[in-house]
Amino acid sequence: MSLQTSLSVTEQLHEHFDSPAFRELVPALAERFKEDDYVELESFLPPALAHRAEQELADLYDTRSRRRDILVPSTGNTPRNFSNLDRDVLLAGSSVIPAVFDCPALLKRLSEIAGQEVLPVPYVPEEYISARMDRPGDVHGWHWDDYSFAVVWVVKSTPEGCGGDVEYIPDTFWDKENPRLEHYLATREIRRRHPASGTAYLMRTDTSLHHVTPIAEGVERIMVCFSYCSLEDLDREVTHDTMDLLHPNA
Ligand SMILES: O=C(O)CCC(=O)C(=O)O
Ligand SMILES: [Fe+2]
(Lines give C-alpha, C1' and ligand atoms only; values in the text may rest on other atoms or scores of the structure.)
(Ligands and ions follow the chains in the order given, each with its own letter.)
Protein backbone atom coordinates (compact mmCIF):
# COMPACT_ATOMS: atom_id res chain seq x y z
CA MET A 1 0.00 0.00 0.00
CA SER A 2 1.39 3.41 -0.82
CA LEU A 3 1.91 5.95 1.94
CA GLN A 4 -0.70 8.20 0.31
CA THR A 5 -3.57 5.69 0.51
CA SER A 6 -2.76 4.75 4.08
CA LEU A 7 -3.21 8.33 5.28
CA SER A 8 -6.68 9.51 6.27
CA VAL A 9 -8.33 12.36 4.37
CA THR A 10 -7.65 14.65 7.32
CA GLU A 11 -3.98 13.70 7.33
CA GLN A 12 -3.64 14.17 3.56
CA LEU A 13 -5.21 17.61 3.81
CA HIS A 14 -2.96 18.57 6.68
CA GLU A 15 0.09 17.43 4.74
CA HIS A 16 -1.02 19.40 1.69
CA PHE A 17 -1.82 22.71 3.38
CA ASP A 18 1.17 22.45 5.70
CA SER A 19 3.63 21.52 2.96
CA PRO A 20 6.62 23.77 2.21
CA ALA A 21 5.30 24.13 -1.36
CA PHE A 22 1.98 25.54 -0.16
CA ARG A 23 3.51 27.70 2.57
CA GLU A 24 5.92 29.24 0.09
CA LEU A 25 2.99 30.67 -1.85
CA VAL A 26 1.53 32.48 1.13
CA PRO A 27 3.52 35.76 1.22
CA ALA A 28 2.72 36.59 -2.42
CA LEU A 29 -0.91 35.59 -1.95
CA ALA A 30 -1.18 37.80 1.13
CA GLU A 31 0.21 40.77 -0.82
CA ARG A 32 -2.24 40.21 -3.62
CA PHE A 33 -5.19 39.70 -1.28
CA LYS A 34 -4.46 43.02 0.41
CA GLU A 35 -4.58 44.66 -3.00
CA ASP A 36 -7.51 42.81 -4.61
CA ASP A 37 -9.66 41.20 -1.87
CA TYR A 38 -9.36 38.14 -4.14
CA VAL A 39 -6.70 35.47 -4.69
CA GLU A 40 -6.63 32.16 -6.48
CA LEU A 41 -5.25 28.91 -5.06
CA GLU A 42 -4.46 26.72 -8.05
CA SER A 43 -4.91 22.94 -7.73
CA PHE A 44 -6.59 23.59 -4.39
CA LEU A 45 -6.73 19.94 -3.30
CA PRO A 46 -4.29 17.07 -3.80
CA PRO A 47 -5.31 15.30 -7.05
CA ALA A 48 -6.50 12.07 -5.39
CA LEU A 49 -8.78 13.97 -2.99
CA ALA A 50 -10.06 16.29 -5.71
CA HIS A 51 -10.98 13.26 -7.79
CA ARG A 52 -12.71 11.59 -4.86
CA ALA A 53 -14.70 14.74 -4.05
CA GLU A 54 -15.71 15.11 -7.71
CA GLN A 55 -17.10 11.56 -7.74
CA GLU A 56 -18.95 12.12 -4.47
CA LEU A 57 -20.44 15.33 -5.87
CA ALA A 58 -21.50 13.60 -9.09
CA ASP A 59 -23.38 10.98 -7.05
CA LEU A 60 -24.99 13.62 -4.84
CA TYR A 61 -26.10 15.70 -7.85
CA ASP A 62 -27.69 12.55 -9.31
CA THR A 63 -29.66 11.77 -6.18
CA ARG A 64 -29.90 14.64 -3.70
CA SER A 65 -29.76 18.00 -5.49
CA ARG A 66 -32.58 20.54 -5.67
CA ARG A 67 -33.26 22.89 -8.51
CA ARG A 68 -33.54 26.56 -7.45
CA ASP A 69 -35.02 29.30 -9.60
CA ILE A 70 -35.59 32.28 -7.33
CA LEU A 71 -35.10 36.01 -6.91
CA VAL A 72 -33.55 37.19 -3.65
CA PRO A 73 -35.17 40.38 -2.28
CA SER A 74 -32.35 41.37 0.11
CA THR A 75 -29.81 41.49 -2.73
CA GLY A 76 -32.06 43.62 -4.95
CA ASN A 77 -34.11 40.80 -6.49
CA THR A 78 -31.16 39.26 -8.31
CA PRO A 79 -31.67 35.74 -9.69
CA ARG A 80 -30.33 32.38 -8.58
CA ASN A 81 -30.81 29.70 -11.22
CA PHE A 82 -28.94 26.48 -10.48
CA SER A 83 -29.15 23.15 -8.64
CA ASN A 84 -27.64 22.94 -5.21
CA LEU A 85 -26.64 20.68 -2.33
CA ASP A 86 -26.98 21.79 1.25
CA ARG A 87 -24.49 21.34 4.05
CA ASP A 88 -26.13 18.30 5.64
CA VAL A 89 -26.23 16.45 2.33
CA LEU A 90 -22.52 17.19 1.81
CA LEU A 91 -21.74 16.12 5.36
CA ALA A 92 -23.49 12.78 4.86
CA GLY A 93 -22.28 12.15 1.32
CA SER A 94 -18.73 13.46 1.11
CA SER A 95 -15.63 12.22 2.90
CA VAL A 96 -13.59 15.16 1.64
CA ILE A 97 -15.60 18.41 1.72
CA PRO A 98 -16.39 18.50 5.48
CA ALA A 99 -12.73 17.70 6.23
CA VAL A 100 -11.54 20.59 4.04
CA PHE A 101 -13.76 23.03 5.89
CA ASP A 102 -12.39 22.01 9.29
CA CYS A 103 -8.75 21.56 8.33
CA PRO A 104 -6.66 23.49 10.90
CA ALA A 105 -3.72 23.85 8.47
CA LEU A 106 -6.01 25.42 5.86
CA LEU A 107 -7.43 27.85 8.44
CA LYS A 108 -3.89 28.81 9.36
CA ARG A 109 -2.91 29.49 5.74
CA LEU A 110 -6.12 31.44 5.11
CA SER A 111 -5.46 33.57 8.20
CA GLU A 112 -1.94 34.29 6.97
CA ILE A 113 -3.24 35.25 3.53
CA ALA A 114 -6.04 37.42 4.91
CA GLY A 115 -3.79 39.08 7.52
CA GLN A 116 -6.31 38.34 10.26
CA GLU A 117 -7.93 35.40 11.97
CA VAL A 118 -10.10 33.40 9.54
CA LEU A 119 -12.57 31.20 11.42
CA PRO A 120 -15.35 28.72 10.60
CA VAL A 121 -18.71 30.50 10.43
CA PRO A 122 -20.89 30.17 13.53
CA TYR A 123 -23.98 29.31 11.45
CA VAL A 124 -23.88 25.60 10.60
CA PRO A 125 -26.06 25.55 7.41
CA GLU A 126 -23.70 28.07 5.84
CA GLU A 127 -20.44 26.16 6.51
CA TYR A 128 -20.25 24.69 3.01
CA ILE A 129 -22.69 24.36 0.15
CA SER A 130 -22.45 23.40 -3.50
CA ALA A 131 -24.11 24.69 -6.66
CA ARG A 132 -24.18 23.41 -10.22
CA MET A 133 -25.09 25.60 -13.17
CA ASP A 134 -25.99 23.40 -16.13
CA ARG A 135 -28.86 24.98 -18.05
CA PRO A 136 -28.34 27.78 -20.58
CA GLY A 137 -28.70 31.09 -18.74
CA ASP A 138 -28.08 29.60 -15.29
CA VAL A 139 -26.70 32.40 -13.14
CA HIS A 140 -25.70 33.23 -9.58
CA GLY A 141 -26.91 36.82 -9.36
CA TRP A 142 -25.21 39.81 -7.72
CA HIS A 143 -24.99 39.57 -3.94
CA TRP A 144 -22.84 39.91 -0.86
CA ASP A 145 -22.28 37.01 1.58
CA ASP A 146 -23.31 37.06 5.22
CA TYR A 147 -19.73 36.58 6.49
CA SER A 148 -16.34 38.10 5.69
CA PHE A 149 -14.64 35.37 3.68
CA ALA A 150 -15.44 32.59 1.25
CA VAL A 151 -13.25 29.98 -0.34
CA VAL A 152 -14.96 28.89 -3.53
CA TRP A 153 -13.52 25.71 -5.01
CA VAL A 154 -14.38 25.66 -8.70
CA VAL A 155 -14.71 21.93 -9.23
CA LYS A 156 -15.63 22.36 -12.87
CA SER A 157 -15.29 25.61 -14.76
CA THR A 158 -16.69 26.73 -18.10
CA PRO A 159 -14.58 27.35 -21.21
CA GLU A 160 -13.57 31.02 -21.58
CA GLY A 161 -16.23 32.99 -23.40
CA CYS A 162 -19.11 30.73 -22.30
CA GLY A 163 -20.09 32.63 -19.15
CA GLY A 164 -19.43 31.37 -15.64
CA ASP A 165 -17.15 34.35 -14.99
CA VAL A 166 -16.76 35.65 -11.46
CA GLU A 167 -17.21 39.42 -11.36
CA TYR A 168 -16.88 41.54 -8.25
CA ILE A 169 -16.77 45.07 -6.94
CA PRO A 170 -14.67 45.38 -3.76
CA ASP A 171 -15.23 47.92 -0.96
CA THR A 172 -18.99 47.97 -1.24
CA PHE A 173 -21.52 47.85 1.57
CA TRP A 174 -24.59 45.62 1.82
CA ASP A 175 -27.62 47.47 3.10
CA LYS A 176 -30.18 44.65 3.14
CA GLU A 177 -33.07 47.12 3.14
CA ASN A 178 -31.68 49.12 0.24
CA PRO A 179 -28.87 47.28 -1.58
CA ARG A 180 -28.38 50.00 -4.26
CA LEU A 181 -26.95 47.59 -6.85
CA GLU A 182 -27.63 49.94 -9.75
CA HIS A 183 -25.57 52.61 -8.03
CA TYR A 184 -22.55 50.35 -7.58
CA LEU A 185 -22.84 48.81 -11.05
CA ALA A 186 -23.08 52.23 -12.69
CA THR A 187 -20.31 53.96 -10.76
CA ARG A 188 -17.68 51.36 -9.93
CA GLU A 189 -15.16 49.28 -11.82
CA ILE A 190 -16.25 45.64 -12.15
CA ARG A 191 -13.39 43.16 -11.83
CA ARG A 192 -13.65 39.99 -13.86
CA ARG A 193 -12.02 36.63 -13.08
CA HIS A 194 -12.33 33.16 -14.57
CA PRO A 195 -10.97 30.61 -12.08
CA ALA A 196 -10.11 27.35 -13.86
CA SER A 197 -11.33 23.87 -12.93
CA GLY A 198 -9.63 22.75 -9.74
CA THR A 199 -8.77 26.29 -8.61
CA ALA A 200 -10.22 27.81 -5.46
CA TYR A 201 -10.44 31.50 -4.80
CA LEU A 202 -10.50 33.33 -1.50
CA MET A 203 -12.64 36.45 -1.60
CA ARG A 204 -13.52 39.12 0.93
CA THR A 205 -17.21 38.44 0.45
CA ASP A 206 -19.00 40.72 2.91
CA THR A 207 -17.65 43.86 1.23
CA SER A 208 -17.37 42.58 -2.35
CA LEU A 209 -20.51 42.69 -4.41
CA HIS A 210 -20.10 39.59 -6.59
CA HIS A 211 -21.84 37.31 -9.04
CA VAL A 212 -21.29 34.51 -11.57
CA THR A 213 -22.32 35.45 -15.10
CA PRO A 214 -24.95 33.41 -17.02
CA ILE A 215 -23.62 30.30 -18.73
CA ALA A 216 -24.00 29.41 -22.39
CA GLU A 217 -25.71 26.32 -23.75
CA GLY A 218 -23.88 23.00 -23.40
CA VAL A 219 -21.53 23.98 -20.58
CA GLU A 220 -21.56 23.22 -16.88
CA ARG A 221 -20.02 24.82 -13.79
CA ILE A 222 -19.82 23.18 -10.36
CA MET A 223 -18.49 24.81 -7.22
CA VAL A 224 -18.26 24.25 -3.49
CA CYS A 225 -18.39 27.36 -1.33
CA PHE A 226 -16.79 27.24 2.15
CA SER A 227 -17.76 30.18 4.37
CA TYR A 228 -15.49 31.73 6.97
CA CYS A 229 -15.78 34.64 9.35
CA SER A 230 -13.60 37.22 11.03
CA LEU A 231 -13.40 37.88 14.76
CA GLU A 232 -15.40 41.02 14.10
CA ASP A 233 -18.25 39.00 12.55
CA LEU A 234 -18.65 37.12 15.82
CA ASP A 235 -19.56 40.38 17.58
CA ARG A 236 -22.17 41.55 15.14
CA GLU A 237 -25.70 40.44 14.51
CA VAL A 238 -25.81 38.43 11.28
CA THR A 239 -29.02 37.43 9.51
CA HIS A 240 -29.21 34.65 6.94
CA ASP A 241 -32.05 35.54 4.55
CA THR A 242 -30.31 34.34 1.39
CA MET A 243 -29.30 31.01 2.93
CA ASP A 244 -32.82 30.39 4.18
CA LEU A 245 -34.19 30.92 0.67
CA LEU A 246 -31.57 28.80 -1.10
CA HIS A 247 -31.35 25.97 1.43
CA PRO A 248 -34.79 25.82 3.05
CA ASN A 249 -34.23 22.23 4.25
CA ALA A 250 -30.90 22.92 5.95
O1 LIG B 1 -19.84 30.24 -7.68
C2 LIG B 1 -19.11 31.18 -7.34
O3 LIG B 1 -18.00 31.38 -7.81
C4 LIG B 1 -19.63 32.14 -6.28
C5 LIG B 1 -20.52 31.51 -5.26
C6 LIG B 1 -21.02 32.50 -4.27
O7 LIG B 1 -20.80 33.67 -4.39
C8 LIG B 1 -21.79 32.05 -3.11
O9 LIG B 1 -22.14 30.84 -3.01
O10 LIG B 1 -22.10 32.88 -2.25
FE1 LIG C 1 -21.24 34.74 -2.60
Side-chain angles (χ1 to χ4, degrees), residues 36-42 44 53 57 61 65-66 68 70-72 74-76 78-87 89-90 97 100-101 118 121 123 125-135 137-160 162-170 172-174 176 179 181 184 190-215 219-230 233 238-248 250:
D36 291 346
D37 283 350
Y38 174 101
V39 282
E40 292 188 358
L41 312 171
E42 284 171 32
F44 177 56
L57 286 166
Y61 273 106
S65 65
R66 300 286 178 89
R68 309 290 179 199
I70 62 170
L71 299 175
V72 177
S74 61
T75 62
T78 52
R80 308 288 186 280
N81 299 100
F82 46 63
S83 300
N84 66 3
L85 301 169
D86 67 36
R87 180 266 185 199
V89 167
L90 291 168
I97 290 161
V100 171
F101 178 71
V118 172
V121 288
Y123 184 64
E126 202 150 341
E127 290 182 338
Y128 39 87
I129 55 93
S130 177
R132 178 177 71 181
M133 302 160 80
D134 63 347
R135 298 185 187 174
D138 269 5
V139 63
H140 195 138
W142 287 106
H143 68 283
W144 293 263
D145 292 0
D146 293 327
Y147 294 100
S148 289
F149 305 104
V151 171
V152 179
W153 177 39
V154 182
V155 180
K156 183 172 181 191
S157 189
T158 50
E160 282 275 2
C162 295
D165 301 328
V166 177
E167 294 184 327
Y168 75 107
I169 308 177
T172 52
F173 170 74
W174 186 11
K176 291 189 178 184
L181 295 197
Y184 289 125
I190 298 173
R191 301 184 185 189
R192 179 183 164 281
R193 300 286 186 268
H194 195 86
S197 298
T199 292
Y201 65 87
L202 169 68
M203 183 185 274
R204 177 79 201 221
T205 37
D206 60 338
T207 54
S208 296
L209 176 59
H210 58 284
H211 78 157
V212 182
T213 60
I215 62 164
V219 303
E220 180 182 60
R221 182 179 186 275
I222 300 173
M223 66 77 176
V224 177
C225 179
F226 301 90
S227 294
Y228 296 101
C229 71
S230 62
D233 288 334
V238 176
T239 57
H240 307 98
D241 328 60
T242 309
M243 269 302 297
D244 298 344
L245 284 170
L246 284 171
H247 297 274

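Computed from heavy atoms alone, side chains included, the values below leave out hydrogens, waters and symmetry copies. First listed ligand is number 1; within each ligand, the first listed atom is number 1.
Residue pairs satisfying the salt bridge (Lys or Arg N to Asp or Glu O under 4.0 Å) criterion with at least one member in residues 197-213, sequence neighbours excluded, are listed as follows: Arg204-Asp206.
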Between the protein and ligand 1, are there any N or O atom pairs that come within less than 3.5 Å of each other, and if so, what are their names and distances?
| from | atom 1 | to | atom 2 | distance (Å) |
| --- | --- | --- | --- | --- |
| ligand 1 | 1 (O) | Arg221 | NH1 | 2.8 |
| ligand 1 | 3 (O) | Tyr201 | OH | 2.5 |
| ligand 1 | 3 (O) | Arg221 | NH2 | 2.8 |
| ligand 1 | 7 (O) | His143 | NE2 | 3.0 |
| ligand 1 | 7 (O) | His210 | NE2 | 3.0 |
| ligand 1 | 10 (O) | His143 | NE2 | 3.0 |
| ligand 1 | 10 (O) | Asp145 | OD1 | 3.1 |

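Residues Ile129 and Arg87 share a closest heavy-atom pair of CG2-N, 4.4 Å.
Looking at Asp145, its N, O or S atom nearest to the Fe ion (ligand 2) turns out to be OD1. Looking at His143, its N, O or S atom nearest to the Fe ion (ligand 2) turns out to be NE2.
A side-chain N or O of Ser148 and one of Ser230 form a donor-acceptor pair less than 3.5 Å apart. Thr75 and Arg80 share a side-chain donor-acceptor pair at under 3.5 Å.
Each of Tyr123, Phe149, Phe101 was checked for a ring pair (Phe, Tyr, Trp, His ring centres under 6.0 Å) with Tyr228, and the lone residue meeting it is Phe101.
At least one N, O or S atom of His210 sits under 2.8 Å from the Fe ion (ligand 2).
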> Between Asp146 and Met243, does a side-chain contact (heavy atoms from CB on, under 4.5 Å) hold up when you go through it step by step?
Replying inline: CA-CA 9 Å; Asp146 293 327; Met243 269 302 297; 4.3 Å; yes
> Are Asn81 and Met133 close enough, and set up right, to give a side-chain contact (heavy atoms from CB on, under 4.5 Å), and what steps lead you there?
Replying inline: CA-CA 7 Å; Asn81 299 100; Met133 302 160 80; over 6 Å; no
